[in-house]
Protein chains: 2
Amino acid sequence: MRSPSELAQVFRDKHLKLTPQRQLLFSLLHQNPSHPTAESLYEIASKQMPGISLRTIYQTLGELAEMGELQLVDVGIGATRFDPNIGDHHHFVCESCRAIHDVDILTAPKMSLRNGGGFAVDEVGVIFRGRCNRCNHKQQVRSPGSQAKNKASN
Amino acid sequence: MRSPSELAQVFRDKHLKLTPQRQLLFSLLHQNPSHPTAESLYEIASKQMPGISLRTIYQTLGELAEMGELQLVDVGIGATRFDPNIGDHHHFVCESCRAIHDVDILTAPKMSLRNGGGFAVDEVGVIFRGRCNRCNHKQQVRSPGSQAKNKASN
DNA sequence: TTTTAATTTGCAGCTATTGCTAGCTAACAA
DNA sequence: TTGTTAGCTAGCAATAGCTGCAAATTAAAA
Ligand SMILES: [Mn+2]
Ligand SMILES: [Mn+2]
Ligand SMILES: [Zn+2]
Ligand SMILES: [Zn+2]
């Protein structure tokens, strides 16, 4: 994570203004490991800066992503998620509550020779889908006979 | 791939009618390995069945997916893709032309111990992003040795 | 046939996002 | 300080990609 003064420098170098909106969003993101949506950041931001525009949220998040200061995560359900963790990692998505959790993987996926030829791969994204701990417990309480397919206990 | 008569049986068992629309879409899908969108199937279907509704395309594709006859593939850009290949495989997405290609992987990704505990994983999706063979060649031919993003200006 | 439940269609409506642009303002110069 | 201005924000229209609804239609059982 970049410090506010480092951020200021990065902005200056790109002829970008260090506006209150940008500073707020940058700090909100870095306090928030939940992979929030633009909309949810908007709600949080609005408390500290009433009147801020949702348009500005999208605008700023897009810029920060272009600058490599954050990652866009699209898990295929609903809105794009924004991730201040720009390190190499992957995601688990709970199909019940839609929470997203960071995931480290042990073995990086490799394409087989068969389809590997001719593609220039820039990035690989792995999405694990299932039910999170909390949602699993809820389900078990409701229907104590049923079981999830696969527990990732390895 | 299921034969038309097998399909008829499956439908009958579920009290689903074997309508011309469903038969058409089923066959179009199985002729089409390009992971088409609903919209593109609509265009193709409209030629053989003018007046077919886009709503029906969505409806039918959704039903077929629920029946396990096809897979929904969401690669995070634009529309959902529909895949008659229901075997276990993954995808490469060209970020230039948005073509999607099937990918077999050599090593299945495993979550690390750290984050593995407590998640019930139903499925794992791997998406490789980059440039396909064709788009790679185009770029090289058009601007040999140049790094310019924008060639539109004269 | 007749009946009837399933299906199709058209259209309204929705979510997430982008396009546009009139004012506003951070930053730099004087 | 003040002025200048490139860059920014807010607001609203517009868009893509669907989904909800209900009237009209139809496959298929009776
Ligand atoms: Mn993350
Ligand atoms: Mn496929
Ligand atoms: Zn959950
Ligand atoms: Zn391509």
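Lettering follows sequence order; numbering is per chain, from 1. Heavy atoms only: backbone and side chains are in, while hydrogens, waters and symmetry mates are out.
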Closest nucleotide of DNA chain D for B:L18 versus for B:D74: which of these residues is on the 5' side? B:D74

Closest approach of B:P109 and B:V126, non-hydrogen atoms and distance? CG-CG2, 3.7 Å

Closest listed nucleotide, where the reference is the side chain of B:A79 and the choices are D:dG17, C:dT8, C:dT9: D:dG17

In whole angstrom, what separates A:I77's CD1 from D:dC18's P? 14 Å

In whole Å, I'd like the distance from the NZ atom of A:K17 to the C1' atom of C:dG23. 12 Å

Base, sugar-phosphate alone, or nothing: which one does B:T37 contact when heavy atoms must sit under 4.0 Å apart? nothing

For A:G62, which contact category applies under a 4.0 Å heavy-atom criterion: base, sugar-phosphate, or nothing? nothing

Are there over 12 heavy-atom neighbours, none belonging to B:E66, within less than 6.0 Å of that residue's CD? no

Is any side-chain N or O of A:Y58 closer than 4.0 Å to OP1 or OP2 of C:dT18? no

Of the candidates D:dC18, C:dA27, D:dT9, the side chain of A:T56 sits closest to D:dT9

Whole angstrom is fine here: how far is it from CG in B:L16 over to P in D:dT26? 19 Å

Can you tell me how far C1' of D:dT9 sits from CG of A:L25, to the nearest Å? 12 Å

Ignoring hydrogens and angles, state whether a donor on the side chain of B:H91 or B:D102 is under 3.5 Å from an acceptor on the partner side chain. yes

Length of the line joining B:R22:CZ and C:dA6:C1', which is rounded to integer Å: 8 Å

Please name the pair of heavy atoms, one in B:N115 and one in A:V103, separated by the smallest distance, quoted to 0.1 Å. ND2-CA, 3.3 Å

Looking only at atom types and distance, does a side-chain atom of A:R22 sit under 3.5 Å from a main-chain N or O of A:K17, one as donor and one as acceptor? yes

Considering only heavy side-chain atoms of B:S53, the closest of D:dA10, C:dT9, D:dT9 is C:dT9

How many Å lie between OH on B:Y42 and C1' on D:dC18, as a whole number? 14 Å

What is the distance, to the nearest angstrom, from the CG atom on A:L61 to the C1' atom on C:dT17? 12 Å

Using a heavy-atom cut-off of 4.0 Å across all strands, would you classify B:Q21 as base, sugar-phosphate, or nothing? sugar-phosphate

First of B:T80 and B:P20 reached from the 5' end of DNA chain D, by closest nucleotide: B:T80

Per A:R55 side chain, nearest of listed nucleotides C:dT18, C:dA6, D:dT9: C:dT18

A:I57 atom CD1 is separated from C:dA16 atom P, nearest whole Å, by 15 Å

